[in-house]
Amino acid sequence: MVWATDPQGGEPRDPAELAALSAIQNLQESEKPVPKLVVFDLDYTLWPFWCECRRKSDNPRLYPEAGQVLSALAAAGIPFAFASRTPTPDIARVFLDKLGFQMEDGSSFSSESVNSRRSSARGGNSNAGGNSGSSCSSGDGNGRSLKRVVRAAEIYPSWSHKTEHFEAIRKRTEIAYSDMLFFDDESRNTREIGSLGVTSVLVENGVTVDELKVGLAQFVKKHEEPPTEAASNRETHKSKHRH
């Protein structure tokens with residue numbers, strides 16, 4: 001059942017959040033496949049700018065429906081993660097702090113202790129970023145309190161494709177690529193990550209409720225389709241090597 005009012009905070013749900021939450025819960029109630037993790041790019045996917053073109057003193061805002069999509073995922077019990085390839089990860093982390101996202105232990109994305117832990121986890125790369133997180137309350141840049149579930153974040157420059165980011169997310173969360181849904185504004189990224197088995201959706205003007213619905217539909221279709229001959233051959237090959 002989709003409640004018109006947030007049962008925790010008592011705030012009326014935004015119509016866009018209600019629509020997104022309804023789409024998710026319809027799948028859950030009909031026992032259709034649902035993603036175990038939804039991964040978002042940041043620049044021009046969750047917010048309408050490139051971080052390298054901004055200053056840390058700026059006040060970031062999400063796309064109009066991005067906050068509602070995040071809230072709906074959290075209300076439905078589906079965690080999300082970030083995968084951002086940016087030359088200015090320090091600015092991205094400051095913006096996440098300003099939007100209220102937090103680490104599991106309550107520390108900020110831009111704190112020195114967090115960056116040190118990330119650098120250590122990634123073999124000394126000072127630009128590396130990764131974290132596990134849990135439910136948090138935050139704002140969408142428009143003054144509204146949001147309940148969000150942050151499971152992981154990989155935010156750092158990379159001269160390769162985002163496969164490096166997703167490998168780190170997979171290891172950290174122990175969630176299979178096939179159980180992930182990914183949104184990005186660059187076709188090269190959706191193609192590359194799609195080749196891993198992640199259901200990938202290309203967005204044009206930020207994440208919207210309609211694009212969430214498209215992603216969920218693609219995820220269901222992918223899981224309900226019989227495996228292709230090539231996929232079956234790969235599984236058979238893996239099975240032989242296990243034995």
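Because the structure is a prediction, the values reported are computed rather than measured. The first residue in the sequence is number 1, and the count goes up from there.
Here A83 pairs with V39, H165, F166, I169 under the side chain to side chain contact (heavy atoms under 4.5 Å, CB included) rule; sequence neighbours left out. Annotation: side chain to side chain contact (heavy atoms under 4.5 Å, CB included) contacts of V201 (sequence neighbours excluded): L181, F183, Q218. Take T86 and apply the side-chain hydrogen bond (donor to acceptor under 3.5 Å, both in side chains) test, not counting sequence neighbours, and it matches T88. Evaluation of the salt bridge (Lys or Arg N to Asp or Glu O under 4.0 Å) rule for K36 yields D179 as partners, not counting sequence neighbours.
When side chains are defined from C-beta on, V209 counts as touching V69, because their heavy atoms get closer than 4.5 Å. Put simply, the side chain of Y177 reaches to within 4.5 Å of the side chain of E167, judged on heavy atoms.
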Going through the distances and angles, do R85 and E164 end up as a salt bridge (charged side-chain N to carboxylate O under 4.0 Å, His left out)?
CA-CA 10 Å; R85 182 177 54 190; E164 179 182 356; over 6 Å; no
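Counting only distance, with no hydrogens or angles, the side chain of S71 and the backbone of G67 share a donor-acceptor pair below 3.5 Å. A donor-acceptor pair under 3.5 Å is formed between the side chain of T45 and the backbone N or O of D185.
For L46 against D41, the heavy-atom pair with the smallest separation is CG-O, 3.7 Å. Looking at every heavy atom in both residues, P60 comes nearest to L99 through O-CD2, 3.8 Å. M180 and V198 get closest at one heavy-atom pair: O-CG1, 3.7 Å.
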Tell me which donor-acceptor pairs under 3.5 Å the side chains of residues 48-59 have, and how far apart each pair is, sequence neighbours excluded?
residue: K56; atom: NZ; partner: D90; partner atom: OD2; Å: 3.4
residue: D58; atom: OD2; partner: R55; partner atom: N; Å: 3.0

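Between the side chains of Y63 and E65, no donor N or O sits under 3.5 Å from an acceptor N or O.
L21 CG to Q68 CD: the interatomic distance, rounded to the nearest 0.5 Å, is 12.0 Å.
Here salt bridge (Lys or Arg N to Asp or Glu O under 4.0 Å) pairs that include residues 188-209, with residues two or more places apart or in two chains, are E186-R188.
The pair K162-E154 fails the salt-bridge criterion, with no side-chain N (NZ, NE, NH1 or NH2) lying under 4.0 Å from an Asp/Glu carboxylate O.
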